[in-house]
> 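Let me give you the structure first, and then I'll get to my questions.
For the numbers below, each heavy atom of this structure counts, side chains included, while hydrogens, waters and symmetry mates do not. Read the numbers this way: they start at 1 and go in the same order the structure lists the ligands and their atoms.
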Amino acid sequence: MDYQPLLDEIAAKVRSEVGRGAVASYIPALACVDIDHFGMAVADVEGRVAGVGDWRRPFSVQSISKLFTLALVLAERKGEREPDTERETEPEGEPGTEDRGSEDIWRRVGREPSGNPFNSLVQLEYEDGIPRNPFINAGSLVVTDRLLTLTGDARGALRAFLRTESCNRTVDFNIAVADSEAEHGHRNAALAHFMADYGNLDNDVADVLAHYFSQCSIEMSCRDLALAAGFLARHGLRGDGSRLLSVRAAKQVNAVMLTCGAYDAAGEFAYRVGLPGKSGVGGGIVAVVPGRCAVAVWSPGIDEQGNSVAGVAALDHFTTLTGWSVF
Ligand code: DON
């Protein structure tokens, strides 16, 4: 399918939405981004990419990184046999074929929508230091902690994965953004210390926070992100055809994205877009049409829940025009 006319039509339709909302300013280094950017890219399951607007311009992925760190943790099988690479022949649900990473991580983080802001502290106390899901900040800190234990270098493992999947060796951290968040990230520090008190972090709190701030500071374009999320459209297969996640785990990650990827606006996102999606306060959103394509959109103006105003509008048009909402 030729996505270019569709993307051109969407860009024209959302023009009046670009510039609405506000640029994230609680991380000071993000506040200087021009609110008037808009870009969108689609990567199909074969790795063909089409884009419109600022689709090649790198931006701060922020919470979109949470999707990839979760996938890397779930991919860890600790010596268990690799499932078959053909989707149809993968045995599901047999003893020993469950992803080992998932056994460990789902004891430490839930998979229900929080209905609270992404950086909320209140729920964590009621629920004994177990975050509701891996996409709120507390949950992602636990995932990063696990990735640090598994790899010894969570941010390095993430960067290597993203460079490979996006076929872009220039994907990197923005040290100024990471430092800016470290300096002002008192809420994340509070969440991490609180969970450490409950025994839900294995590594040193300062190390976990440093890796988390670095992962959020990674800069990628819509093109890079659409390619990097392709494994979720391919039911767990990486760009080179090797398996990252079992079919079952890929299904599960998409489900958690659908229910938790837009925080306390997850219901609204499902209502308007109807696809698994993950947003970031940099103004990016990644969405997945399983079996078809991954879509990335960027426009820095975000709403009060932290989701790009023009980005959600663009994805709304995308699923309306294609009929590819899962609903
Ligand atoms: O931890 C934070 O607050 C940021 N580094 C990421 C938050 C974020 O992107 C939430 N997304 N909508």
Side-chain angles (χ1 to χ4, degrees), residues 21-31 33 58-70 109 113-121 123-124 131-145 154-155 158 173-195 201 205-206 208-220 225 256-269 273 276-287 296-312 315:
V23 171
S25 56
Y26 76 102
I27 303 170
L30 289 183
V33 177
F59 61 90
S60 194
V61 303
Q62 292 299 320
S63 284
I64 299 173
S65 64
K66 294 169 178 169
L67 156 65
F68 298 107
T69 50
L70 176 66
V109 59
S114 67
N116 276 307
F118 58 82
N119 55 5
S120 172
L121 286 148
Q123 207 162 37
L124 204 51
R132 267 292 173 98
N133 67 66
F135 294 150
I136 53 175
N137 289 6
S140 188
L141 285 161
V142 171
V143 171
T144 299
D145 176 63
R155 62 186 149 205
L158 174 64
F173 316 112
N174 181 322
I175 308 293
V177 171
D179 287 351
S180 177
E181 185 163 15
E183 195 182 335
H184 296 88
H186 302 301
R187 273 178 176 264
N188 284 326
L191 291 166
H193 281 287
F194 195 74
M195 291 189 292
L201 288 187
V205 170
V208 175
L209 285 166
H211 281 265
Y212 173 81
F213 294 141
S214 293
Q215 82 179 45
C216 291
S217 82
I218 286 179
E219 294 186 336
M220 297 172 76
L225 279 168
V256 181
M257 282 171 74
L258 181 80
T259 53
C260 309
Y263 311 108
D264 41 340
E268 180 71 8
F269 190 81
V273 178
K278 183 74 210 79
S279 63
V281 291
I285 308 175
V286 165
V297 61
W298 172 54
S299 194
I302 58 172
D303 61 21
E304 286 185 358
Q305 283 81 31
N307 302 309
S308 169
V309 175
V312 174
L315 290 168

> Under 4.0 Å from a heavy atom of S279: give me the atoms of ligand 1 that qualify, with their elements.
11 (N), 12 (N)

> For the CG atom of L158 and the NE2 atom of H211, what is their distance to the nearest 0.5 Å?
11.0 Å

> Rounded at 0.5 Å granularity, tell me how far NZ in K278 sits from CG in N307.
7.5 Å

> If you round to the nearest 0.5 Å, how far is CZ of F173 from CD of E219?
11.5 Å

> Any idea which protein heavy atom is nearest atom 7 (C) of ligand 1, and the distance to it?
S63 OG, 3.0 Å

> Between CG of L141 and CG of L209, what distance do you get to the nearest 0.5 Å?
6.0 Å

> Please report the closest heavy-atom contact between L315 and A287, naming both atoms and the distance.
CD2-CB, 4.1 Å

> For atom 3 (O) of ligand 1, which protein heavy atom lies nearest, and how many Å away is it?
Y26 OH, 2.5 Å

> Tell me the protein heavy atom at minimum distance from atom 1 (O) of ligand 1, and give that distance in Å.
Y212 OH, 2.6 Å

> Below 4.0 angstrom from a heavy atom of N188, which ligand 1 atoms are there? Numbered from 1 as shown, please.
1 (O), 2 (C), 3 (O)

> For ligand 1, which atoms sit closer than 4.0 Å to a heavy atom of G306?
12 (N)

> Say whether I27, considering both its backbone and side-chain N or O atoms, lies within less than 3.5 Å of an N or O atom on ligand 1.
no

> Report yes or no: does a heavy atom of N119 sit under 4.0 Å from some atom of ligand 1?
no

> Numbering the atoms of ligand 1 from 1, which are under 4.0 Å from a heavy atom of N137?
1 (O), 2 (C), 3 (O)

> In Å, rounded to the nearest 0.5 Å, how long is the span from OG of S279 to OH of Y263?
5.0 Å

> Can Y263 be said to touch ligand 1, with heavy atoms closer than 4.0 Å?
yes

> Output the distance between atom CG (N188) and atom OH (Y212), rounded to the nearest 0.5 Å.
4.5 Å

> Within the 4.0 Å heavy-atom shell around C216, which atoms of ligand 1 are there?
5 (N)

> To the nearest 0.1 Å, how far is atom 2 (C) of ligand 1 from its closest protein heavy atom, and which atom is that?
E181 OE2, 3.0 Å

> Looking only at protein heavy atoms, which one is nearest to atom 5 (N) of ligand 1, and how far off is it?
Q62 OE1, 2.6 Å

> To check you understand the geometry: which heavy-atom pair defines the closest contact between N137 and S63, and what is its length?
OD1-OG, 4.4 Å

> Aromatic rings F59 and W298: how do their planes relate, parallel, tilted or perpendicular, breaks at 30° and 60°?
parallel

